[in-house]
Amino acid sequence: MTDTALAGASADQAAPGRTKRPTNRPAAKPHGQWKVDGTAPLNANETWKQEDNGLNVRERIESVYSKHGFDSIDGTDLHGRFRWWGLYTQRKPGIDGGKTATLEPHELEDKYFMLRVRIDGGALTTEQLRVIGQISVDFGRDSADLTDRQNIQLHWIRVEDVPEIWRRLESVDLSTTEACGDVPRVILGSPVAGIAKDEIIDPTPLIHELAERFIGDPELANLPRKFKTAITGHPSQDVVHEINDVALVGLVHPELGIGYDLWVGGALSTNPMLGKRLGAFVRPDQAADVWLGVTSIFRDYGYRRMRTKARLKFLLADWGPVKFRQVLEDEYLGYKLDDGPAAPKPSTPGDHIGVHEQKDGKFFIGATPLAGRLSGTQLVKLADTLEARGSQRLRTTPHQKLVVLDVPRDEVEPLVAELDALGLSARPSVFRRGTIACTGIEYCKLAIVETKLTAATAVAELERRLADLVETQQLPQALSLHINGCPNSCARIQTADIGLKGMMLPTPDGDPTPGFQVHLGGGLASDSREEAGLGRTVRGLKVTADDLPDYVERVVRKFVADHSEGQTFAEWAFAAEEGDLQ
């Protein structure tokens, strides 16, 4: 008898001298776990995934849809399988945020696509960057966004142009394979992998192995929902590992040497949960098998009946880290992992902004655009500029930044100036450095409010209004402002100093206006924070988009005036009275 059955028998046992009463409890519904409930699909989404693997839609895109146009696309392919190749329909222009939740998907969508270019580890050559930029110019109305998943997204893509786009990308070893969908998404990797002086372990070979072995593998192309990976060997822990489904964080074990600390079950969205350490030390030669084991647990035991519960975090919450590790070792690895310590607190910022010397004597430069927004023209010019200064490599980051590698010493300052002219600041203000924004209502069908322009306006206003605090060196050295267009938290609002969740707010005249619910004091492990924590929400604390600069100025000035010595903004925000945060 199982533990659950034993517990049930005990609870139903009649007390001495009393008659047992029937419980008439309804039977628990199955979760749709393949290894528990069988593989029979329990909803429409699982049905079409089993009927035809999402990877198979590529052939139809190339041979049918690209030749006959948007109106020829099968509805299930359009709204389902296209994601397996990085394609989502984008939002039709002119539909305000108040209609996002009331219109059907086909009423919201345009006949154009967002195309996500998969960049595992964020690693790019200047040749690859130029190809992406030129695709944007030729097919995407010059659009290009850096995401906080190290991808580059293009917009205004027609299905007729997708085969040529794939041809160009694949000619330089890039792809859109499984850039979206219920699959292993892009693998986050340290932007300074292989070049940082203080790196513990270079994860590049592991990232390459995982991408080559498993991305595009039909055996892993039908997961319950998306599956996110982060791997770093840098002590700054620069891949937001606490909010990924599986993460490997480099460290030095006191007896076993260099390896990884294993984290599982992190994700945000509308039900945020931080990942948990399994207490396991993963040797470099075990890492690929461990990744496959965790991914396979999600495939086989993940909840499939309800999409809202179909992330690994819900399984981990029910199982706990001890059982998860036991199943991983007993059913998938066939051996026990060594116990291991946690990685120490980071001592340097993980966004890598600024100029830093590499271990080979050359330099890398971390630079930030404004909230991730660029253009294809800028990408092409950037590739030309880097090559002229002796660099042929760069990295995207999980913070919507770029890191240029291999810059000779005498080219550093000229390149910093040229980057600045391209809209990429290597010495940004606190606000420009710390601001990220999701795609927003401009392109996203889920969005309620505009984000990119809102972020740009807020940064410019705050730089102007708080110049006095800059001059007197009273601003905190780091302050994160994350702006999201809906509750789904693509911009990680719960882990920001100031996180903003888009919504429509009532006004006195009854006409709703775009605005945000405010989260305060969140953050991930960093040089100023021992461990990750979710932000605080204050009842009724909402600001309109127009009032956003006013609010941030007000709360930052309150922090400067009231915080104790050495207290971070996040610490102050959690300690402050609600009235001080309004």
Side-chain angles (χ1 to χ4, degrees), residues 97 148 240 242-244 266-275 313 351 371-372 398-400 430-431 433-441 444 446-452 454-455 458-459 462 476 478-505 513-526 528-559 562-563 567-582:
D148 57 11
V240 297
E242 304 100 326
I243 54 173
N244 280 264
L268 294 178
S269 192
T270 55
N271 193 338
M273 299 184 194
L274 295 173
K313 61 185 178 183
D351 63 1
H399 303 281
Q400 296 183 341
V430 167
F431 297 106
R433 180 172 184 169
T435 297
I436 68 173
C438 73
T439 300
I441 201 169
C444 180
L446 300 178
I448 300 168
V449 302
E450 202 284 327
T451 55
K452 296 292 189 182
T454 299
V459 169
L462 293 168
L479 187 71
S480 52
L481 177 67
H482 293 189
I483 302 176
N484 211 79
C486 78
N488 289 315
S489 200
C490 294
R492 309 196 297 256
I493 52 175
Q494 300 98 331
T495 59
D497 287 311
I498 304 173
L500 301 162
K501 180 177 75 176
M503 57 176 42
M504 299 301 290
L505 299 179
T513 189
F516 302 92
Q517 180 185 54
V518 180
H519 298 250
L520 294 168
L524 302 177
S526 69
S528 62
R529 189 178 186 120
E530 192 73 37
E531 60 183 22
L534 302 176
R536 168 188 183 183
T537 57
V538 177
R539 186 182 300 275
L541 181 50
K542 300 177 176 66
V543 297
T544 67
D546 289 342
D547 291 339
L548 178 57
D550 292 339
Y551 173 74
V552 176
E553 178 188 7
R554 186 165 64 248
V555 77
V556 169
R557 288 193 182 276
K558 189 67 175 172
F559 161 74
D562 292 353
H563 78 286
Q567 190 177 38
T568 66
F569 181 89
E571 291 167 342
W572 171 81
F574 266 93
E577 298 292 333
E578 288 191 0
D580 293 333
L581 303 176
Q582 298 291 335

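For the numbers below, each heavy atom of this structure counts, side chains included, while hydrogens, waters and symmetry mates do not. Please read these numbers as outputs of a predicted model, since none were measured by experiment.
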**Q** Quick one: side-chain hydrogen bond (donor to acceptor under 3.5 Å, both in side chains) partners of Thr454, sequence neighbours excluded?
**A**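 Thr454: side-chain hydrogen bond (donor to acceptor under 3.5 Å, both in side chains) contacts with Glu450.
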**Q** Which atom pairs, donor and acceptor, lie under 3.5 Å between side-chain atoms of residues 544-552 and protein residues at least two apart or in another chain?
**A**
unit_1	atom_1	unit_2	atom_2	d
Thr544	OG1	Asp547	N	3.1
Thr544	OG1	Asp547	OD2	3.1
Asp550	OD1	Arg465	NH1	2.5
Asp550	OD1	Arg465	NH2	3.1
Tyr551	OH	Leu581	O	2.7

**Q** Relative to the ring of Phe569, is the ring of Trp572 parallel (under 30°), tilted (30 to 60°) or perpendicular (over 60°)?
**A**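 Plane angle between 30° and 60°, so tilted.
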**Q** Looking at residues at least two apart in the chain, or sitting in another chain, which of them share a ring-ring contact (aromatic ring centres under 6.0 Å, His included) with Phe516?
**A**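 In terms of ring-ring contact (aromatic ring centres under 6.0 Å, His included), with neighbours along the sequence ignored, Phe516 is linked to no residue.
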**Q** Check the pair Asp497, Leu520 against side chain to side chain contact (heavy atoms under 4.5 Å, CB included), reporting the backbone distance first and the verdict last.
**A** CA-CA 5 Å; Asp497 287 311; Leu520 294 168; over 6 Å; no
**Q** Applying side chain to side chain contact (heavy atoms under 4.5 Å, CB included), name anything that partners Arg557, two or more places apart in sequence or on another chain.
**A**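 So Arg557 forms a side chain to side chain contact (heavy atoms under 4.5 Å, CB included) with Leu466, Asp468, Leu469, Glu553.
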**Q** Rounded to the nearest 0.5 Å, how far apart are CG of Leu274 and CD1 of Ile243?
**A**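 If we round to the nearest 0.5 Å, Leu274:CG and Ile243:CD1 are 8.0 Å apart.
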**Q** Give a yes or no on whether the backbone of Arg539 and the side-chain of Glu578 come within a donor-acceptor separation of less than 3.5 Å.
**A**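 It does not hold such a pair.
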**Q** For Lys542, enumerate each residue passing the salt bridge (charged side-chain N to carboxylate O under 4.0 Å, His left out) test, keeping only those at least two apart in sequence or located in another chain.
**A**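 Not a single residue meets the salt bridge (charged side-chain N to carboxylate O under 4.0 Å, His left out) criterion with Lys542.
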**Q** Applying side chain to side chain contact (heavy atoms under 4.5 Å, CB included), can you list everything that pairs with Gln582, at least two apart in sequence or on another chain?
**A**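 Gln582 satisfies side chain to side chain contact (heavy atoms under 4.5 Å, CB included) with Val538, Leu541 only.
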**Q** Can you name the side-chain hydrogen bond (donor to acceptor under 3.5 Å, both in side chains) partners of Gln494, sequence neighbours left out?
**A**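 Counting only residues at least two positions away or on another chain, Gln494 forms a side-chain hydrogen bond (donor to acceptor under 3.5 Å, both in side chains) with Ser489.
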**Q** State which residues pass side-chain hydrogen bond (donor to acceptor under 3.5 Å, both in side chains) with Gln567; sequence neighbours excluded, sorted by chain then number.
**A**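 Result, side-chain hydrogen bond (donor to acceptor under 3.5 Å, both in side chains) vs Gln567: Ser564.
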**Q** In chain order, what residues pass the side chain to side chain contact (heavy atoms under 4.5 Å, CB included) check against Ser528, with sequence neighbours excluded?
**A**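 If we apply the side chain to side chain contact (heavy atoms under 4.5 Å, CB included) test to Ser528, skipping adjacent residues, the hits are Ser526, Thr568.
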**Q** Mind checking salt bridge (charged side-chain N to carboxylate O under 4.0 Å, His left out) for Asp351 and listing every partner two or more places apart, or none if nothing turns up?
**A**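 Expected list: Arg433.
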**Q** Could you check whether any side-chain N or O of His482 sits under 3.5 Å from a backbone N or O of Gly499, counting only pairs where one atom can act as donor and the other as acceptor?
**A**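 Side chain of His482 to backbone of Gly499: no pair is present.
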**Q** Name all residues meeting the side chain to side chain contact (heavy atoms under 4.5 Å, CB included) criterion together with Asp148; count only those two or more places apart in sequence or in a different chain, and write none if there are none.
**A**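 For Asp148 the side chain to side chain contact (heavy atoms under 4.5 Å, CB included) partners, ignoring immediate neighbours, are Gln400, Ile436, Arg492.
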**Q** Using the side chain to side chain contact (heavy atoms under 4.5 Å, CB included) rule, take Leu505 and Val543 through it: C-alpha gap first, then chi angles, then the decisive distance, then the call.
**A** CA-CA 8 Å; Leu505 299 179; Val543 297; 5.8 Å; no
